[in-house]
2 protein chains.
Amino acid sequence: MNASTLLLERLSALIHQSVRSEAARHGLLPMHLQVLSYLDRANQYSDLPIAIAEYFGVTRGTVSQTLTVLERKGLVARDPDAHDRRRVHLRLTPAARNLLADSWTRRVDETLRDLPVESDPLEQNLRALLTGLQRLNGQQAFGVCHTCDHFLREAHGARCGLTGEPLAEEQTFKLCREWTGTTD
Amino acid sequence: MNASTLLLERLSALIHQSVRSEAARHGLLPMHLQVLSYLDRANQYSDLPIAIAEYFGVTRGTVSQTLTVLERKGLVARDPDAHDRRRVHLRLTPAARNLLADSWTRRVDETLRDLPVESDPLEQNLRALLTGLQRLNGQQAFGVCHTCDHFLREAHGARCGLTGEPLAEEQTFKLCREWTGTTD
DNA sequence: CATTTATAGTATGGAGTCGATACAAATACC
DNA sequence: GGTATTTGTATCGACTCCATACTATAAATG
């Protein structure tokens, strides 16, 4: 087996462990924290149960139950979609944002800063790896909005070429389940 | 948040998803497959329930139950330790080895080969990342036996300086929970 | 050597994941 | 307008996971 594949497997186990202990400190399970973190980075087309199911590769039923738990804990709220009455938009409550503030990712940030490697090549490597694995899984790409082929920069703000809708500035930095392109 | 941290989080989610779908194809859960994969790479000091608990950051009770399931499915066997009657060594059955043969890691291997990055820098980056994160978690390092400070190369074979026992050649390429050193 | 302490593993109960299946409601397609 | 598809929910069974308690063995300590 490829040495990097082994490293990736151990890296993944370690990250999952970080998430687990982080979640446990808040009385949550890993999936709870992962969903909250995802919702924090999902744009208006991706803050839906189905998007969470696609992103994590679980069924809609599982997501539905997880969201029931998160809603009961006061971390997530459900809002109906204005145009499609089947859809439900998820929204993080202040409590959830508070909880995410001292995430394990902060410590990872610090770890990355102290690493004896240059950050640019590391980032390029990780990005290539991510793209390759996404292709491998035959899965939705979930790239950042403003790097999408559909993204249109306009005189005042931006627009999504797929939906035709204008995009608020903060949306353009978030993940989108409709993302299409070559380099995220 | 650091760009690489974000990428790491998405990478981890993607890998976990690969493991999940791989496991589902065999009627297993992610943890089942992860434990089997771990046992395939654990040396004689690390094929214990306690080592699995340390590696994945879960309690001994959880591991105990998972192993009960894996044993019932005929994927793992328990052997008593010759010197310490509290200990139980886990052993993969032929069925388990068969199951691991077409692991998702094979497809990751292929993905890595096709990546537009050089493999050496990628490996170095991942290794640095791994070391940093292990330090971050304040966790057992689980390095490869023959890179350990305790490892002694001898005229005929090798020996562990910690236990004083001779090491079979194939053991020296496996993970050890007692590993100590600076570079794995 | 006897007592104490630490270690390795198991048993049990409760909350929650997860897939499978079935279902309801709304939209898309023709 | 009728059918197919999409989105989300409800329910059941197997399993994870933690907390706690417990047994057995080994190590440390006097």
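Sequence lines set the chain letters: A, B, ... in the order given, protein chains first and strands last, and positions in each chain run from 1.
- Partner of A:Arg91 under the salt bridge (Lys or Arg N to Asp or Glu O under 4.0 Å) criterion, chosen from A:Asp47, A:Asp40, A:Asp79: A:Asp79.
- No side-chain donor-acceptor contact under 3.5 Å links A:Glu22 and A:Ser103.
- Taking atom CE of A:Met31 as the reference point, atom C1' of C:dG16 lies 12 Å away to the nearest angstrom.
- The backbone N or O of A:Leu29 sits less than 3.5 Å from a side-chain atom of A:His32, completing a donor-acceptor pair.
- B:Trp179 and B:Ser46 form no side-chain donor-acceptor contact under 3.5 Å, judged by distance and modelled atom types alone.
- Minimum atom distance to the side chain of B:Val69 is reached by D:dT16, of the listed D:dC18, D:dG8, D:dT16.
- Side-chain proximity of A:Arg60 to D:dC18, D:dT11, D:dT7: nearest is D:dT7.
- Of the candidates D:dG8, C:dG19, C:dT17, the closest approach to any side-chain atom of A:Leu29 belongs to C:dT17.
- Atom CZ of B:Arg20 is separated from atom P of C:dA20 by 12 Å (rounded to the nearest Å).
- Of the two residues near DNA chain C, A:Gln65 and B:His89, the one whose nearest nucleotide lies more 5' is B:His89.
- Among the protein residues, A:Arg87 comes within range of the sugar-phosphate backbone only, with heavy atoms under 4.0 Å from sugar or phosphate atoms but none that close to a base.
- If A:Leu67 and A:Ala24 are placed on DNA chain D by their nearest nucleotide, the residue sitting closer to the 5' end is A:Leu67.
- Residue A:Thr62 places at least one side-chain N or O under 4.0 Å from the OP1 or OP2 atom of C:dG19.
- The nucleotide whose nearest atom lies closest to any side-chain atom of A:Thr59 is, among C:dG19, D:dT9, D:dC15, C:dG19.
- The A:Leu48 side chain lies nearest to D:dG8 when the options are C:dT27, C:dG9, D:dG8.
- As a whole-Å value, the separation of A:His16 NE2 from D:dC17 C1' is 11 Å.
- Nucleic acid contact class of A:His83 (heavy atoms, under 4.0 Å, all strands): sugar-phosphate only.
- In this model, the phosphate group of C:dT10 is approached by a side-chain N or O of B:Arg78 to a distance below 4.0 Å at OP1 or OP2.
- For B:Thr147 (side chain) and B:Gly143 (main-chain N/O), no donor-acceptor pair under 3.5 Å exists by modelled atom type.
- Below the 3.5 angstrom threshold, one finds no donor paired with an acceptor across the side chain of B:Arg86 and the base of C:dG9.
- The interatomic distance linking A:Asp47 (CG) with D:dT7 (C1') rounds to 14 Å, in whole Å.
- In the model, A:Tyr45 has a side-chain atom that pairs as donor or acceptor with a side-chain atom of A:Glu165 under 3.5 Å.
- In this structure, the CG atom of B:Leu28 is 13 Å from the P atom of C:dG19, given to the nearest Å.
- In this structure, CG of A:Leu36 is placed 14 Å from P of C:dG16, rounded to the nearest angstrom.
- Atom CZ of B:Arg177 is separated from atom C1' of C:dA8 by 9 Å (rounded to the nearest Å).
- Among the protein residues, B:Thr66 comes within range of the sugar-phosphate backbone only, with heavy atoms under 4.0 Å from sugar or phosphate atoms but none that close to a base.
- OP1 or OP2 of C:dG16 sits under 4.0 Å from a side-chain N or O of A:Lys73.
- To the nearest angstrom, P of D:dT25 lies 10 Å from CG of B:Asp84.
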